[in-house]
Amino acid sequence: MLKLFNSLTNNLEVFEPLETNKVKMYVCGPTVYDHAHLGHARCYITWDVLYRYLKFAGYEVKYCRNVTDVDDKILKKASERGVDPSVVTEEFYASFDNSMKGLNCLKPDIEPFATKTIGEMIAITKTLIDKGFAYESDGDVYFEVKKYSKYGALSKQPIDDLMAGARVETDEKKRSPLDFALWKKDGKFGYNSPWGVGRPGWHIECSAMAKKFLGPQIDIHAGGADLTFPHHENEIAQSNCASDCEFVKYWLHNGFVTINKEKMSKSLGNFLTIDELLKTYDSNTIRFFILTNHYRMPVEFSEVALESAKAGVKRLINAGKKGEGVDEEATEAFKTSMDEDMNTSKALAVLFSLVSGDETKANTLYRLGSVLGFDFTKKEIVLSKEDLALIEERNLARAEKNWAKSDEIRDLFLERGIVLKDGKDGTTWEAL
RNA sequence: GGAGACAUGGCCAAGUGGUAAGGCAGGAGCCUGCAAAGCUCUUAUCCCCGGUUCAAAUCCGGGUGUCUCCUCCA
């Protein structure tokens, strides 16, 4: 019985999808104006694991993760470079896609682009105006927050407190500083709409894409904790008011990656990009590092932590080679752990329980490992005739106790990433 | 100012009432020409104070410290 922590109720809840055995899940995807960093990696690895686990648990899952390709930052970058915004978005979408592959994240079933969903955004905006939840103001359209009484339910912020703490600069076009844009006038990069040429606000993009590709009601909506307010709060307001139903059943949020105890973010400039990180650490290591912590807790980045993860992965990979076999008990323990709001830390401990002893239940290790997105199978090294001859030469040297020569040859292989191991039954080799 | 979260061994981390999972690092031993890999053994009373209870890391109250959100942000 899967339980998930619902940010809306602040409670651990039994997961019961709207439609038996089927799950509709939406994850806020990237705004493609720069390379993705480790913080993004954590987010997408976390929800990739949920996606994999739901499928493993027998659900039929429809996973939608959008690409925001119309946004202020994109336009800013495009004008700085003097190129069309599409040049920017294509470049960084490719980079993002590459990073996801590098992290061994499964491709979502649907990956919509905001620019291809403008019609739906306009339709929702129109509905909201017609129903009196939104108003037009000089080519802009704003959602009127005070019209939605439950506003603040997700972020647990009473509207009055939001007002008091609002650091938003007052805008003559808005009736209240809390009102947010559904549509912004933009003569330069805009699209035609009933309110003139303009482009959608960020929040409406996700509402529209979720509705178009998954429907007006979905089971899971996930994303980084920093999206809770205002992004998700606004999505709820828009979608609930436009569709007259509860947009999302379970709101899930992942914690941040920190560095020096501070949130890793673009604005602070304290980030490491995924492609940079992948030069030093493979996807197994990065995933292990992320998954040792519970997804709602912060994860502090450090070299030591990554090295520790790397060593753990190495042990699992080596263990996988001695033996095969299955362990139903461990599989049950794994499920129990994952059912507890995705306790990946416990799930990892289960993987190690398959290892202890001199024989590993490798089939189960690979199977459960793949639910966490690991690939513990090791590449076979195929040696050339020359290499085999060299090993033969080394064995002769060893027989003559010519250790200097023996070690020299071993180092030769090591430089190529091949480890030679001398066992009772002769010399074996494998990738470093 | 408002809202929320966290504090467990050298490092990371699970554990929400019944006497501290797991990983990394370290130590001892076996194996090895030496390594590598592997195997065996080995290291904690849970930030502080008070309370509830037969029993608390776990519940309650009060401290202290750290982080996050309230502005674009995964």
Side-chain angles (χ1 to χ4, degrees), chain A residues 7 10 12 27-31 33-34 36-47 71-73 76 152 155-158 160-169 178 202 222-231 233 253-258 261-268 271 288-289 291-294 296-300 302 304-319 321-322 333 337 340 343-353 355-360 398-399 401-404 406-407 410-411 414 419-424 428-430 432:
Chain A
S7 308
N10 252 341
L12 206 57
V27 171
C28 287
T31 299
Y33 72 103
D34 208 336
H37 60 69
L38 186 56
H40 301 104
R42 197 214 182 161
C43 174
Y44 301 122
I45 287 171
T46 298
W47 307 122
D71 169 271
D72 286 346
K73 286 176 180 164
K76 186 173 171 237
S155 51
K156 318 282 181 291
Q157 299 266 6
D160 291 346
D161 289 343
L162 284 171
M163 286 293 265
R167 281 181 260 165
V168 193
E169 69 270 26
L178 284 184
W202 176 42
D226 46 1
L227 298 186
T228 307
F229 190 91
H231 186 54
E233 194 73 63
H253 292 97
N254 63 274
F256 305 124
V257 173
T258 59
K261 292 252 179 179
E262 263 187 334
K263 177 184 167 188
M264 183 178 282
S265 73
K266 279 291 296 174
S267 45
L268 289 171
F271 60 90
F288 190 106
F289 161 67
L291 297 175
T292 43
N293 297 57
H294 184 87
R296 287 189 280 118
M297 299 287 102
V299 176
E300 168 78 4
S302 70
V304 211
L306 264 304
E307 285 302 325
S308 167
K310 188 178 173 182
V313 167
K314 189 177 173 190
R315 201 177 134 209
L316 288 174
I317 288 176
N318 280 325
K321 288 179 306 193
K322 42 172 199 177
S337 306
E340 287 170 29
N343 193 330
T344 50
S345 185
K346 265 191 182 175
L348 279 174
V350 172
L351 296 192
F352 279 96
S353 79
V355 169
S356 60
D358 51 6
E359 176 136 347
T360 301
R398 290 180 64 226
K401 295 191 194 299
N402 185 347
W403 308 129
S406 159
D407 291 350
R410 186 167 64 191
D411 289 344
L414 200 58
V419 185
L420 296 187
K421 298 177 173 185
D422 304 319
K424 282 209 169 78
T428 58
W429 52 88
E430 62 186 43
L432 188 62

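Owing to the predicted nature of the structure, the values given are computational and were not obtained by experimental measurement. Throughout, a chain's letter reflects where its sequence line sits, starting with A, and its residues are numbered from 1. Heavy-atom basis, side chains included; hydrogens, waters and symmetry copies ignored.
Side-chain proximity of A:Lys156 to the nucleotides B:C73, B:C39, B:A3 is greatest for B:A3. Which of B:U66, B:C70, B:G38 sits closest to the side chain of A:Lys261 comes down to B:U66. For A:Asn254, whose side chain is taken as the heavy atoms from C-beta onward, the closest listed nucleotide among B:C70, B:A74, B:A37 is B:A74. Each of B:A35, B:C73, B:G38 was ranked by its minimum atom distance to the side chain of A:Ser265; first place goes to B:C73. Listed candidates were B:A74, B:A37, B:C24. Nearest to the side chain of A:Ser308 is B:C24. Distances were taken from every side-chain heavy atom of A:Val355 (C-beta onward) to each of B:G22, B:C39, B:A37; the shortest belongs to B:C39. Each of B:G38, B:A21, B:A74 was ranked by its minimum atom distance to the side chain of A:Asn318; first place goes to B:G38. The side chain of A:Gln157 lies closest to B:C70, out of B:C70, B:G23, B:C72.
Heavy atoms of A:Glu307 sit nowhere under 4.0 angstrom from any nucleic acid atom. Residue contacts for A:Leu414: at a heavy-atom cut-off of 4.0 Å it reaches no nucleic acid atom on any strand shown. Looking at heavy-atom distances under 4.0 Å, A:Phe289 makes no contact with the nucleic acid at all. Across all strands shown, A:Gly223 has heavy atoms under 4.0 Å from sugar-phosphate atoms exclusively, and none from any base. Residue contacts for A:Ala311: at a heavy-atom cut-off of 4.0 Å it reaches the sugar-phosphate backbone alone, with no base atom in range. No engagement by A:Gly423 is indicated, since no non-hydrogen atom pair under 4.0 Å with the nucleic acid exists.
A:Phe229 has its CZ atom 13 Å from the C1' atom of B:C72, to the nearest Å. Following rounding to the nearest Å, A:Met264 (CE) and B:C67 (P) show an atom-to-atom distance of 16 Å. Counting to the nearest Å, the P atom of B:C72 and the CG atom of A:Leu268 are 15 Å from each other. When rounded to the nearest whole Å, the span between CZ of A:Phe288 and P of B:G23 equals 9 Å. One atom, OH of A:Tyr33, and another, P of B:C73, lie 8 Å apart when rounded to the nearest Å. Remark: P of B:U71 and CG of A:Asp72 are 16 Å apart, rounded to the nearest angstrom. Between A:Leu348 atom CG and B:A21 atom C1' there is a gap of 12 Å when expressed in whole angstrom units. The distance between atom CD1 of A:Ile317 and atom P of B:A37, rounded to the nearest whole Å, is 13 Å.
Comparing the C1' positions of B:C12 and B:G63 gives a spacing of 28 Å, expressed to the nearest Å. B:U53 and B:A14 have their C1' atoms separated by 26 Å, with the value rounded to a whole Å. Atom C1' of B:G23 sits at a distance of 15 Å from the matching atom of B:G15, rounded to the whole Å. Between B:C49 and B:G9, the two C1' atoms lie 23 Å apart (nearest whole Å). For the C1' atom pair drawn from B:U16 and B:C6, the interatomic distance equals 14 Å after rounding to whole Å. Distance noted for atom C1' between B:U8 and B:C47: 10 Å (whole Å). Comparing the same atom, C1', in B:G18 and in B:C59 gives a spacing of 14 Å after rounding to whole Å. A gap of 45 Å separates the C1' atoms of B:G38 and B:C48, to the nearest Å.
The shortest distance between the side-chain N/O atoms of A:Lys314 and the OP1/OP2 oxygens of B:A37 is below 4.0 Å. Contact between the side-chain N/O atoms of A:Lys322 and the OP1/OP2 oxygens of B:C39 is found at a separation under 4.0 Å. One finds a side-chain N or O of A:Trp202 lying less than 4.0 angstrom from the OP1 or OP2 phosphate oxygen of B:C73. Contact annotation: A:Arg315 reaches the phosphate of B:G23 (side-chain N/O to OP1 or OP2, under 4.0 Å).
Using modelled atom types, no side-chain atom of A:Ser308 and backbone atom of A:Val304 make a donor-acceptor pair closer than 3.5 Å. With hydrogens and angles disregarded, a donor-acceptor distance shorter than 3.5 Å links the side chain of A:His40 to the backbone of A:His37. Judged purely by atom type and a 3.5 angstrom limit, A:Arg398 has no side-chain atom pairing as donor or acceptor with the backbone of A:Ser406. Between the A:Thr344 side chain and the A:Ala347 main chain, no donor and acceptor come within less than 3.5 Å of each other. Using a distance-only test at 3.5 Å, with no hydrogens or angles considered, a donor-acceptor pair links the side chain of A:Arg42 to the main chain of A:Gly255.
Taking a pair to require two hydrogen-bonding distances under 3.5 Å in either a Watson-Crick or a G-U wobble arrangement, B:A20 remains unpaired. The partner of B:G29 is B:C39, by the rule that a Watson-Crick or G-U pair needs both atom distances under 3.5 Å. Using Watson-Crick or G-U wobble geometry with both donor-acceptor distances under 3.5 Å, B:U52 finds no partner in any strand shown. Figure legend. B:C47 is base-paired to B:G63; pairs are counted as Watson-Crick or G-U wobble with both atom distances under 3.5 Å. With both pairing distances under 3.5 Å, B:U58 is matched to nothing as a Watson-Crick or G-U wobble pair.
Side-chain N/O atoms of A:Lys266 and base N/O atoms of B:C73 include no donor-acceptor pair closer than 3.5 Å. Donor-acceptor pairing under 3.5 Å, judged by distance alone, is present between the side chain of A:Lys263 and the base of B:C73.
In terms of heavy atoms, A:Ser7 sits closest to A:His253 at OG-ND1, 2.7 Å. The shortest heavy-atom contact between A:Gly312 and A:Phe352 is O-CZ, 3.8 Å.
For the pair A:Val419 and A:Ser302, both in contact range of RNA chain B, the more 5′-proximal nearest nucleotide belongs to A:Ser302.
A:Trp202 and A:Asp71 are not linked by any side-chain donor-acceptor pair at a separation below 3.5 angstrom, with hydrogens and angles left out of the test.
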Please step through salt bridge (charged side-chain N to carboxylate O under 4.0 Å, His left out) for the pair A:Lys263 and A:Asp226, ending with a clear verdict. CA-CA 10 Å; A:Lys263 177 184 167 188; A:Asp226 46 1; 3.2 Å; yes
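Counting heavy atoms from C-beta outward, A:Glu430 and A:Lys321 have side chains that approach closer than 4.5 Å. The shortest distance between side-chain heavy atoms of A:Ser265 and A:Phe256 does not fall below 4.5 Å. Side-chain contact between A:Arg296 and A:Asn254: absent, with no pair of heavy atoms (C-beta onward) separated by less than 4.5 Å.
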Detail all sub-3.5 Å separations between protein N/O atoms and N/O atoms belonging to nucleotides 27-33 of chain B.
| from | atom 1 | to | atom 2 | distance (Å) |
| --- | --- | --- | --- | --- |
| B:G33 | O6 | A:Ser406 | OG | 3.1 |
| B:G33 | N1 | A:Asp407 | OD1 | 3.0 |
| B:G33 | N2 | A:Asp407 | OD2 | 3.0 |

Expected rows: protein N/O vs nucleotides 12-19 of chain B N/O, under 3.5 Å:
| from | atom 1 | to | atom 2 | distance (Å) |
| --- | --- | --- | --- | --- |
| B:A13 | OP1 | A:Asn293 | ND2 | 3.0 |
| B:A13 | O2' | A:Ser345 | OG | 2.8 |
| B:A14 | OP1 | A:His294 | N | 3.3 |
| B:A14 | O3' | A:Asn343 | ND2 | 3.0 |
| B:G15 | OP1 | A:Asn343 | ND2 | 2.9 |

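A salt bridge does not link A:Glu300 to A:Lys261: none of the charged side-chain nitrogens sits closer than 4.0 Å to a carboxylate oxygen.
Counting non-hydrogen atoms of neighbouring residues, nucleotides and ligands closer than 6.0 angstrom, the NZ atom of A:Lys76 reaches no more than 12 such neighbours.
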